[in-house]
Amino acid sequence: MSRKKIVAGNWKMNTSLNEAIYLVQQISKNKNTNSEVLKIVFPPFPFITEVAKTINNSANFYTGAQNCSEFLNGAYTGEVSALMLQSVNCNYVLVGHSERRQYFNETNQQLVLKIKNALQHSINVIFCFGEKLEERKGTTHFTTVEKQLNQVLSHFTETDLHNITLAYEPIWAIGTGETASPQQAQDMHAFVRKTIANLFSTKAANNISILYGGSCNAQNAKQLFACADVDGGLIGGASLKADDFCTIINSF
Ligand code: 13P
C-alpha cells in the first residue's frame, strides 16, 4: 500500500442523527477536484451505521469510529469493540486522540491493545499524537513525539503499518484557532517520517500517510497540504460544515 492523500473529519461529540446524515449527503455531492483524495468521516458511535449506509458506494469515501475498546468482548459496560465496528461496515478508527489521552487517561499500553484489536478486525487505524504547548515552548516537541511513536508503534510490524495512518495533532493547535505554520508542520512531519524509517525502514516511511490536525480549515488547508510531508488533514471544527470540509478536500 502506498502513500495516500486523505482528508478526515473528526466530528467529536457533535451532531444529531439527522444532522449527521445531512452532512454526509452534502459531502457526497462534492466533486473532488482530485479523485485520488480519500475522504473519511468519524461520526459519534450511534450514527456510524446510518452514515455508512448513506455513504454506500460513494467513491473513496469511508466511515470511521472515534475510539474502540482495548477489550475484545464481555462485561465492559459502555465499551464498543472492534468486532462491533467491523459488523457495521466501519473502515477506520481513531486511536490515541489527545482528548482521549487527556480526559479519559488512555495510556500507551491501552493504545497498543486498541490498535491490535482494530487490525485484527480489518479496521484501518489513524494513530494520533502531538505535543503540549509547554513542550513546544520548551523545544522538547520532537522528543515527545518520538517517544509517543516509539512506545506504541514498536509493538507492530512493517506489514501492520500498511493499515496505519499517522496524524500529527499539536495539542496547542486543537480547537484553539491557532494553527502550526506550514514550516512547523513540515518540520514535524519530516521528523515523523525519519522516526518511522528508524523504527521500520525507509520504504515504510515513504509509504505511510501523515496527516496534520489542529485548526486546519478552508483557508489554510492549501498551504499545509502543499508541504512535501503533509499527506492530508484530520479536521475537527471545520469538518462539521459541509462547504468548508469540501473546500479542504479540494485543497490538494
Ligand atoms: P480542530 O480542527 O477543531 O482544531 O480539531 C482538530 C482535531 O482534534 C481533529 O481530530
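We count ligands from 1, going down the list as the structure has it; atoms in each ligand are counted the same way. Side chains included, hydrogens not; waters and symmetry mates left out as well; all remaining heavy atoms used. Residues: numbered from 1 along the sequence shown.
- If you check the side chains of Asn198 and Thr195, you find no donor sitting under 3.5 Å from an acceptor.
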> Does the pair Lys53 and Glu50 meet the rule for a salt bridge (Lys or Arg N to Asp or Glu O under 4.0 Å), with working shown?
Replying inline: CA-CA 5 Å; Lys53 276 190 206 157; Glu50 283 304 318; 3.5 Å; yes
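- Distance alone, capped at 3.5 Å, is enough to place a donor-acceptor pair between the Asp231 side chain and the Ile210 backbone.
- In this pair, His189 and Tyr168 present their aromatic rings perpendicular. The plane angle is above 60°, beyond the 30 to 60° band.
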Could you list each N/O atom of ligand 1 together with any protein N/O atom closer than 3.5 Å, one pair per line with the distance?
residue	atom	partner	partner atom	Å
ligand 1	2 (O)	Ser215	N	3.4
ligand 1	2 (O)	Gly236	N	2.9
ligand 1	3 (O)	Gly237	N	2.9
ligand 1	4 (O)	Gly175	N	2.7
ligand 1	4 (O)	Ser215	N	2.8
ligand 1	5 (O)	Lys12	NZ	3.3
ligand 1	8 (O)	Lys12	NZ	2.8
ligand 1	8 (O)	His97	NE2	2.8
ligand 1	8 (O)	Glu169	OE1	3.4
ligand 1	10 (O)	Asn10	ND2	3.0
ligand 1	10 (O)	His97	NE2	2.9
ligand 1	10 (O)	Glu169	OE1	3.3
ligand 1	10 (O)	Glu169	OE2	2.9

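- Between Asn117 and Ser69, the closest heavy-atom pair is ND2-O, 3.4 Å.
- Side chains of Glu135 and Trp172: a donor-acceptor N/O pair is absent below 3.5 angstrom, by distance only.
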